[in-house]
Amino acid sequence: MADLKHPELEDLLREDRAFAPPADFQARANVADPSIYAEAERDPEAFWGRLAGELEWSRGWDRVLDWQPPHAKWFVGGKLNASVNCLDRHVRGARRNKAALVWEGEPGDRRTLTYFDLYRQVSAFANVLKGLGIKKGDRVGMYLPLIPELVISMLACARSLRDRMNDMKASLLITADGGYRRGQIVPLKQVADEAVADVPSIKNVVVIQRGGQGMPVHIKEGRDHWYHRLMQEAPLACDAEPMDAEDMLYILYTSGTTGKPKGIVHTTGGYLVGTYATAKLVFDLRDDDVYWCTADIGWVTGHSYVVYGPLANGATVFMYEGAPDWPQKDRFWALIERYGITILYTAPTAIRAFMRWGTEWPRRHDLSSLRLLGSVGEPINPEAWIWYYHFIGGDRCPVVDTWWQTETGAIMITPLPGVTTLKPGSATRPFPGISAEIRNERGDAIEVGGGLLALTRPWPAMLRGIYGDPRRYVQQYWSKWGSGVYVTGDGAKRDADGYFWLLGRVDDVINVAGHRIGTMEVESALVDHPSVAEAAVVGRAHEIKGQAIAAFVTLKDGVADGTRSTKDIANELKEHVVKKIGAIARPDDILFTPDLPKTRSGKIMRRLLRDIAEGKALGDMTTLADSAAVEKLKANYEEEYG
Ligand code: WT7
């Protein structure tokens, strides 16, 4: 990272700097009083109950928590609707004509939807869904660019359907003719048509017109419907269905240590309370904010902090469809200036790319509207933190480094910007009511020092299970140290001030640009290719993305027969992984080897492969079957990628 440092930052990086909340920020903050921690600690259930009471319930809960470790029910007996809390509640009050979504497309087209507009469109689209015969238990798939209709579709589902989910057994797919990316139109409908051909469960496809004129779209009679036509005919009012607090809200798939991604189940009441409370207190949301979380809505960050958390707070949410470097590398800064964005929540990988592009891009713009910055997805190195603080935040905006997971649903370890003194690189302390510990393998809590991060108390937005695999839920998260302790899979250390410093995954999960990828998942995809005999995948450090994917592959006999170059074969394998998993899983390096290094008992030695991929000296090889082969592999790797 050394070459990404900037001379202007030397002073800020010089020592262990700490940043107390600026006085003017603190004076107006939603929380400025540290006693909130003691309040939550005294009686966590009362604390969560107080925040839940700020939402609208059609029936109050009988009990805040029913905890049968490791199974929790929150707000037992309560009934509410997520879309009512994100829309109706505001429409009935002073926020009726406030901007809910402010959107800019990549080509520069703009739209603003007030809370009333959004309420009307969500209600109308909920009626469309009903008209298409979608009912409780049906699944709705969405394959959409970052456009307002994505938010409308999500909230329409939350308004009228229970138990929806987005696996491949969906009966309805919502897509668009196209979406913009770096000046090109991605033909989404065409891609969707290919996918739908393999999914007989899909009965209807709703197509949003986004690509514009001249975009050839094949409409299959009886199956495909234009969104704008359906919306013209839809009644504008739709009563929201009261959901049980524990009714499923959605499932998101995420990578684990084995080959198969896990469907993480989130429910309505606790999830909404968790995202509402953290959005309010961590982002210090106020009515005059323009809040921008740059995450894609398809990931958990977008679900919790583009849609549910901020809209439950009645915030103005900014959304941008396209790439940060289109048409130029200052697009984000131009947007902040044009829309007066006050809160920016993005990822370290993006910040490191901005650092690489240089300070001239943000310097061209007036960023003085910003008052708070956030970071999420992976550890933020102090250089990137300070760069963000200085060049984007103008030394004026607190930086909230927020640690959480798909499974936790909401932010868990984070500063409260009006309370917490910040240390660059530390996510600081557990959110009020959250209990986190550092433990050693045996399960002893470590007060000061490094170990494994554990959560020792249930929390409202916690996952309720892994879809279709109740045993794995218990084994994966709640078995290492007893059924009441959640194992995060992250390493962390705690300093003498009680601050947490996240160190990254300790399992076979790697973090590429803030996205979790299981090494086993990539291995399975590689081995699935007819040319591959065996594959081992490891993460290696990468300057911008945090980690990159290195694959060591043994080809089947006769594949490398000289008719194709190894480069062509490697590219074919990379594309195969992209097709099986997605672009984020494309291996950066593929090295072919006649053998993988194994112990005498036949286990692949990933530690050695990691050392090779990171260009480190090879460690202990005494348990290795063939050490000369490893030296050779290292030399080959260095030749190819060094
Ligand atoms: C993993 C969860 C949280 C939404 C986006 C990713 C890493 C996340 C931080 C942070 C250090 C972080 C952890 C975690 N992570 N935020 N602020 N500091 N590490 O969600 O795909 O479920 O990944 O991301 O390793 O376990 P996810």
Side-chain angles (χ1 to χ4, degrees), residues 250-257 261-266 271 274-275 278-279 282 293-309 345-352 373-382 384-385 388 399-415 420 422-431 434 436 438 450 452-455 459 461-463 466 476-477 486-494 499-519 521 539 545-547 581-582 584-585:
Y250 66 78
I251 294 179
L252 270 183
Y253 284 84
T254 190
S255 299
T257 47
K262 302 172 288 194
I264 303 300
V265 175
H266 283 295
Y271 175 81
T275 54
T278 47
V282 175
C293 164
T294 66
D296 194 293
I297 291 180
W299 303 87
V300 74
T301 309
H303 275 62
S304 297
Y305 297 110
V306 178
V307 181
Y308 293 106
Y345 188 34
T346 193
T349 185
I351 298 165
R352 290 191 294 260
L373 302 174
S375 171
V376 62
E378 58 179 306
I380 179 165
N381 44 308
W385 195 106
Y388 194 32
V399 175
V400 288
D401 173 9
T402 62
W403 177 90
W404 58 294
Q405 305 178 305
T406 305
E407 292 88 338
T408 69
I411 292 168
M412 303 297 280
I413 302 183
T414 177
T420 313
L422 307 171
K423 298 187 192 183
S426 168
T428 73
R429 296 175 60 183
F431 187 80
I434 302 299
I438 311 284
L452 305 169
L453 180 68
L455 303 171
W459 63 99
M462 64 192 274
L463 76 165
I466 297 176
Q476 179 95 39
Y477 301 110
Y486 174 91
V487 182
T488 64
D490 278 16
K493 64 178 187 196
R494 189 156 59 178
Y499 277 47
F500 288 75
W501 299 75
L502 277 302
L503 302 172
R505 304 288 306 187
V506 293
D507 50 19
D508 287 328
V509 173
I510 53 187
N511 189 325
V512 179
H515 294 297
R516 244 159 82 179
I517 295 162
T519 54
E521 219 176 313
K545 298 195 285 188
Q547 282 191 295
I581 308 176
I584 193 78

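Each ligand, and each atom within it, is numbered from 1 in the order the structure gives. Predicted model only: the values in this text are computed from it and were never measured.
Using a non-hydrogen distance threshold of 4.0 Å, Pro379 registers as a contact of ligand 1. In this structure, His515 has no heavy atom closer than 4.0 Å to ligand 1.
For ligand 1, the atoms closer than 4.0 angstrom to any heavy atom of Val376 are 3 (C), 4 (C). Here is the list of ligand 1 atoms found below 4.0 Å of a heavy atom in Val300: 4 (C). Ligand 1 places these atoms under 4.0 Å from at least one heavy atom of Asn511: 7 (C), 24 (O).
Checking Glu407, His303, Glu378, Arg516 against atom 23 (O) of ligand 1, the nearest heavy atom belongs to Arg516. Between Asp490, Thr402, Asp401, it is Asp490 that holds the heavy atom closest to atom 13 (C) of ligand 1.
Taking both residues in full, the closest heavy atoms of Pro379 and Leu503 are given as CG-C, 4.4 Å, listed atom of the first, atom of the second, then distance.
Side-chain contact between Arg505 and Arg516: present, with at least one pair of heavy atoms (C-beta onward) separated by less than 4.5 Å.
In terms of protein heavy-atom proximity, atom 4 (C) of ligand 1 is nearest to Thr301 OG1, 3.3 Å. From the protein, the heavy atom lying nearest to atom 6 (C) of ligand 1 is Gly514 O, 4.0 Å. Nearest protein heavy-atom contact of atom 24 (O) of ligand 1 is Gly377 O, 3.3 Å. What sits closest to atom 3 (C) of ligand 1 on the protein, heavy atoms only, is Trp404 O, 3.0 Å.
A donor and an acceptor atom, one from each side chain of Thr402 and Tyr345, are located under 3.5 Å apart. A side-chain donor from one of Ser304 and Tyr271 sits under 3.5 Å from a side-chain acceptor of the other.
By the side chain to side chain contact (heavy atoms under 4.5 Å, CB included) test, Arg494 is found to be paired with Ile438, Glu447, Phe500, residues two or more places apart in sequence or in another chain being considered. With sequence neighbours excluded, the residues forming a salt bridge (Lys or Arg N to Asp or Glu O under 4.0 Å) with Lys545 are Asp588, listed by chain and number.
Where the criterion is an N or O separation shorter than 3.5 Å, residue side chain and backbone included, Ser375 fails it with respect to ligand 1.
Under 4.0 angstrom from ligand 1, the non-hydrogen atoms of Thr406 come from both its backbone and its side chain.
Considering Thr428, Thr488, Thr408, Asp490 as possible partners of Trp403, the one that fulfils the side chain to side chain donor-acceptor pair (under 3.5 Å) test is Asp490.
Using the six-membered ring where Trp is involved, Tyr308 and Tyr250 have ring planes that are parallel, under 30° apart on the 30 and 60° scheme.
For Trp404 and Phe431, the distance between ring centers is not under 6.0 angstrom.
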